[in-house]
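Counting starts at 1 for both ligands and their atoms, following the listed order. Since this is a predicted model, take the numbers as computed values, not measurements.
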Amino acid sequence: MLMEPYRIKVVEPITLTDRPEREKFMAAAGYNPFNLRAEQVMIDLLTDSGTGALSAAQQAAGMGGDETYAGSPSFYRFRAEVEDLTSYPHIFPVHQGRAAERILFGTLLRPGQISLSNTHFDTTRANVELLGCEARDIPCEEAGDIRSDHPFKGNIDLAQLEAFLRWGNVGQVIMTVTNNGGGGQPVSIDNIRRAGEICRAHGIPFFLDAARFAENAWLVSQNEPEFAGLSPRTVAREMFALADGCVASLKKDGIVHMGGVIALRDAGLAARCEQALIAGEGFSTYGGLSGRDLDMLAQGLREGTDAAYLRGRAAATAHLAGLLTDAGVPVVRPPGVHAVYIDAGAVLPHLPAELFPAHSFATELYLEGGVRAVEIGSLMCGSVDEHGVLTKAAPRELVRLALPRRVYTQSHLEYVAETAASVMKRVDELPGYRLVDSPKVLRHFKCRLEPVERSFRSGGLVGQADREPLAGFVDVHRDGFADAVDGSAPREGKPYSPVS
Ligand SMILES: *Cc1c(COP(=O)(O)O)cnc(C)c1O
C-alpha cells in the first residue's frame with residue numbers, strides 16, 4: 001500500500017513554466033542545473049539534502065531552542081538523542097556533513113595516506129584529496145551490476161580491504177551508509193561487522209559516513225535475515241556500535257534544513273577534533289548551529305527512524321522506480337530509499353561518455369517538464385583535462401532523482417514518471433554537451449556547458465584539443481588548507497588507538 005503517513009498543514013506554491021521559458025532559463029544557467037533558481041523549477045529532485053519538510057513537532061521543538069552560547073540545553077537534548085542512537089561518548093554538532101569530514105580527516109590523516117571506502121561521497125573525496133591524500137573506492141563486486149537485485153550492493157569488498165590494509169599506508173576506512181555514490185544501495189550489518197573486524201586487526205580507524213543511517217537500517221530490517229522484524233532504531237544502534245565513530249550530514253535522515261555531527265569513541269582523537277571544531281565551526285555546544293536547529297534535530301532524529309515513516313518513503317521510491325520501468329526507462333536495481341537512478345548510458349548509445357550522456361538526459365528532464373535532477377556520471381565523477389576534455393570516464397552514466405523527505409506526493413511522482421516517459425520518446429535526438437568552463441575540484445557544482453550539435457558529433461571530438469584552457473580550472477593550495485584545519489603542520493602526538 002502506498003499512502004504518505006502524514007497530512008499537509010502548510011503548503012508552498014509551485015511556479016508553473018513552459019518549455020520556451022525553461023529553454024531560456026537553462027541556457028542562462030550554462031546548462032548546469034545547479035545554476036537554476038528555485039522558482040524556475042517545478043519538481044526539484046536535485047537532492048534530498050536539507051530539502052525535507054519539518055513536522056509540527058519539530059517546529060514546536062524549535063520554539064523551545066535555547067540560544068545560549070555555551071552550555072545550551074538544546075545541545076544536551078541533541079547530544080542525548082545522538083548518544084542514544086550511536087553509543088559514542090564524544091559528540092560535536094557541526095553545520096553540515098562536509099564540516100565533519102574536514103575536521104575529522106584534517107585531524108587524522110597525513111599527506112600521502114589512503115582513505116578507503118565502499119564509495120566516497122563527492123565532498124568526502126574532496127576533503128580527503130584536499131589534504132594531499134588518496135580516496136580509494138573498493139565497492140563489492142555486485143555493485144558493478146546495476147541490473148542485479150542483490151539486496152546489499154552498497155557493501156565494501158572485504159578481500160580488497162584486507163589486501164590494502166596488509167600493504168599499508170591506509171589512514172582510515174570510511175563506510176558510506178547507504179552508499180550514495182553507488183546508487184543509494186544499503187550496506188549489510190554483516191559487511192560492516194566484518195569490515196570493522198579487519199580494521200581493528202590492523203589498528204586502522206573505522207568510521208561510518210552515516211548520512212542515511214536510518215534508511216540503511218530500514219533496508220537491513222527488510223532484507224537481512226538476522227535483523228528481520230527489528231525496529232530501524234534497534235538496527236541503527238547495532239550498526240553504530242560496530243564502528244569507532246561517525247561523521248554525518250543530518251540534512252538527510254535528521255530531516256532538518258541544516259546540521260551535521262561528528263561522534264567518536266576515542267577521547268584523544270575527540271579532543272583534537274574539538275580544537276578544530278572551535279576554531280572553524282563554533283564552540284563545542286553549538287558547532288555552527290543555532291539552539292533552534294539542535295532541538296529540531298533531536299526531534300527529527302526520532303521521526304527519521306520511525307518505521308511507518310521509513311516504510312512510506314521506501315514505498316514511494318519503489319513506486320517511482322516501477323512507473324519508470326513500465327515506461328521503458330531503465331533504473332538501477334534494486335531501488336534504494338532516497339533516490340531513483342536512471343541508467344542514461346543504456347538509452348543514449350549515440351552519445352559517448354565525452355559528451356556526457358547522463359547530463360543530457362537530466363537537462364532534457366528539465367526542459368521537458370521542469371524536473372530538476374542531477375547527473376552522476378562522467379561529468380561528476382570522470383576526469384577532465386584543462387581543456388575540459390574527458391580523460392577518464394565514470395563507470396556508469398546515471399541520472400539521480402533524489403526524493404526530498406515528506407515534500408512530494410504520489411501525483412508529483414507520477415508527473416515525474418510521465419516527463420521521463422516523454423523524454424524517452426525522443427531519446428535519439430538528445431544532444432551531447434561539452435564543458436566551456438569548470439573548476440578543478442567538485443566540477444559539477446559550478447561548471448558551465450553547451451550543447452554539441454549533431455554535425456559536430458558525427459565528426460567525433462575534433463577540435464577539442466585546440467580549445468582554450470578553461471578559465472576556472474585552477475589548483476587549490478593544498479598545504480594551506482591542511483594547516484588551517486588543525487593549525488599544527490606536522491601531525492604528531494599520540495597515535496590513534498582503536499577500541500578493542
Ligand atoms: C550529503 C552527504 C555528505 C555531505 O554532507 P553535507 O551536509 O551536504 O555537507 C557526505 N556524505 C554523504 C554520504 C552524503 O550523502
| Pair Tyr286 and Phe75, ring centroids less than 6.0 Å apart | no
> Crowded around Glu83 CD? As in, over 12 foreign heavy atoms under 6.0 Å?
Replying inline: yes
For ligand 1, protein residues within the heavy-atom limit of under 4.0 Å are Gln96, Gly97, Arg98, Glu101, Phe121, Thr123, Thr124, Thr176, Asn180, Asp209, Ala211, Arg212, Ser249, Lys251, Lys252
| message | Side chains of Glu215 and Thr178 only: does a donor on one sit below 3.5 Å from an acceptor on the other? | response | no
Looking only at side chains, do Thr234 and Ser231 share a donor and an acceptor under 3.5 Å apart? yes
Paired with Arg333, the side chain to side chain donor-acceptor pair (under 3.5 Å) test is passed by just one of Asp149, Thr325, Asp145, namely Asp149
Relative to each other, are the rings of Tyr341 and His338 parallel, tilted or perpendicular (30° and 60° limits)?
-> perpendicular
